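Right, one structure below, let's go through it.
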Number of protein chains: 2
Amino acid sequence: MGKPTETRRAEIILGALSAAADLGLGAATTQAIADRVGIGQSTIFRHYKSRDEIFAAAIESIGANMLRALEPYFSGGDSAAVRLKEMIHAQLIFVSNNRGLPRILFSDSLHIDSPILKQNVQRVMRNYSSRVVQLVQEGIEAGEFDKQLDPTETVRYLMMLIQGLLMRWSLFDFNFDLEAEAAPLWDFFSRILKAE
Amino acid sequence: MGKPTETRRAEIILGALSAAADLGLGAATTQAIADRVGIGQSTIFRHYKSRDEIFAAAIESIGANMLRALEPYFSGGDSAAVRLKEMIHAQLIFVSNNRGLPRILFSDSLHIDSPILKQNVQRVMRNYSSRVVQLVQEGIEAGEFDKQLDPTETVRYLMMLIQGLLMRWSLFDFNFDLEAEAAPLWDFFSRILKAE
DNA sequence: TATATTAGCGATTCATTAATCGCTTTTGAG
DNA sequence: CTCAAAAGCGATTAATGAATCGCTAATATA
């Protein structure tokens with residue numbers, strides 16, 4: 001036989017994300033995934049019961065990776081403002097290196113077909129949100145940010161900004177430097193945060 | 001024979017948008033569209049050469065309708081701030097009544113498959129953007145908004161906010177009142193605009 | 001080393017769906 | 001009123017893609 005199934009499962013997730021990045025989630029067929037992994041189409045089903053299961057696992061994986069990449073900023077020694085700024089930067093770098101993520105975010109498979117995928121994404125978003133809210137709260141308490149701000153609301157709008165940016169990036173075929181958007185985005189967003 | 005083709009073409013566009021709203025763009029099959037119009041699946045092709053053509057026309061149509069709905073705010077007699085606020089409100093009302101629009105915006109058909117659809121959407125966005133930039137410019141010149149603002153940049157972020165909001169709305173199955181988001185969104189956004 | 005287990009494959013099945021075709025029905029222009 | 005053009009339909013085609021099946025080959029373990 002070939003490699004042990006745990007290795008293969010991980011490879012299949014990578015193949016699925018790679019295929020989704022290039023072709024879109026809908027066109028990331030089991031054949032396309034198998035090609036990237038270097039195995040036959042039918043072999044996919046030795047490791048996952050269905051195609052949906054693959055993408056459920058893929059979202060799980062990429063969500064966990066993103067949260068892991070941002071973890072340092074939720075608890076470092078810098079000021080809240082610096083950490084928030086750098087977290088946004090780190091997030092855009094992460095997405096730059098994981099183009100499958102916006103493709104999943106803006107696929108109708110996510111928005112319609114699969115309640116499981118949707119729940120996974122919503123869970124990751126809630127998780128992310130609650131940590132960033134904490135960070136904003138710290139900033140408010142430290143007097144760095146406007147005391148009048150509602151942290152939850154503020155973070156919601158930050159997420160909208162980032163999602164809107166990713167939407168644009170995906171729509172324009174990834175043809176601008178996403179990381180370079182971090183600085184101007186921060187300039188804009190921090191106008192809101194400014195303590196009077 | 002049945003109705004004249006121009007009537008049918010319009011009906012098919014409505015059916016396509018309705019199907020896309022309910023089922024997503026990918027699952028809005030020619031059969032689903034035909035069902036809504038009340039004609040046979042094959043009859044669709046008497047009026048449009050291909051499925052893609054239908055959605056190209058649908059985007060064209062919905063884009064034009066949206067711009068028409070917003071037209072009053074680009075040139076009314078009120079202050080720029082009031083018009084901008086009301087334009088955002090009107091836009092959210094429009095999208096509430098045209099759920100096919102976010103479904104199209106967040107479909108992989110748009111992001112991947114069809115360069116034509118993509119170009120149509122980009123054109124509508126540019127059109128929209130240039131008018132809103134004008135409006136912001138007026139506000140700046142009238143001293144209502146901060147003179148330091150870059151109008152183009154500012155409008156880009158407004159669009160990101162709105163797109164992010166629509167993304168959220170679609171992801172949460174349209175289960176919150178989109179129109180009600182206009183006021184808090186304005187509260188947030190207008191903090192940016194404030195002349196010092 | 002013997003053997004049960006698991007990974008892998010090619011061929012096949014089954015479902016879906018856009019698009020075509022031949023034929024029928026309706027309509028409107030002359 | 002006539003008849004050509006247009007609208008409509010059911011059946012069919014062709015392509016695609018997820019999932020199944022029977023078989024083979026590699027591996028772990030006893």
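The structure displayed is predicted, hence computed values, not measured ones. Just so it is clear: chains get the letters A, B, ... in the order the sequence lines come, proteins before strands, and each one is counted from 1.
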Send over the distance from [X] [atom1] to [N] [atom2], rounded to a whole Å.
X	N	atom1	atom2	value
B:Asp35	C:dA18	CG	C1'	15 Å
B:Ile39	C:dT25	CD1	P	19 Å
B:Tyr48	C:dT20	OH	P	17 Å
A:Ile33	D:dG17	CD1	P	12 Å
A:Ile44	C:dT6	CD1	C1'	16 Å
A:Glu6	C:dT6	CD	C1'	14 Å

For A:Asp150, what residues pass the side-chain hydrogen bond (donor to acceptor under 3.5 Å, both in side chains) criterion, not counting sequence neighbours?
-> none
With sequence neighbours left out, the residues meeting side-chain hydrogen bond (donor to acceptor under 3.5 Å, both in side chains) with A:Gln31 are A:Asp35
For A:Phe189, ring-ring contact (aromatic ring centres under 6.0 Å, His included) partners two or more places apart | none
So the salt bridge (charged side-chain N to carboxylate O under 4.0 Å, His left out) pairs with at least one residue in residues 82-106 of chain B (sequence neighbours excluded) are B:Arg83-B:Glu138
Only pairs at least two apart or in different chains count here, so list each salt bridge (charged side-chain N to carboxylate O under 4.0 Å, His left out) that has a residue in residues 36-61 of chain A.
-> A:Asp22-A:Arg36, A:Glu60-A:Arg123
Protein heavy-atom contacts under 4.0 Å, written 5' to 3' over nucleotides 18-23 of chain D as B (base), S (sugar-phosphate only) or - (none), form the string BBB-BB
Does B:His47 put a side-chain nitrogen or oxygen below 4.0 Å from OP1 or OP2 of D:dA6?
-> no
Distance check: side-chain N/O of B:Arg8 vs OP1/OP2 of D:dG8, anything under 4.0 Å?
-> yes
State, with a plain yes or no, whether a side-chain heavy atom of A:Gln163 is found less than 4.5 Å away from one of B:Gln163.
-> no
How would you list, by chain and number, every residue that makes a side-chain contact (heavy atoms from CB on, under 4.5 Å) with B:Phe45, sequence neighbours excluded?
-> B:Thr30, B:Gln41
Between its two end axes (five pairs each) the helix from C:dT1-D:dA30 to C:dG30-D:dC1 turns, nearest 10 degrees, through 10°
Salt bridge (charged side-chain N to carboxylate O under 4.0 Å, His left out) partners of B:Glu71, counting only residues at least two apart | B:Arg131
Is any side-chain N of the basic residue among B:Lys194 and B:Glu144 closer than 4.0 Å to the acidic one's carboxylate O?
-> no
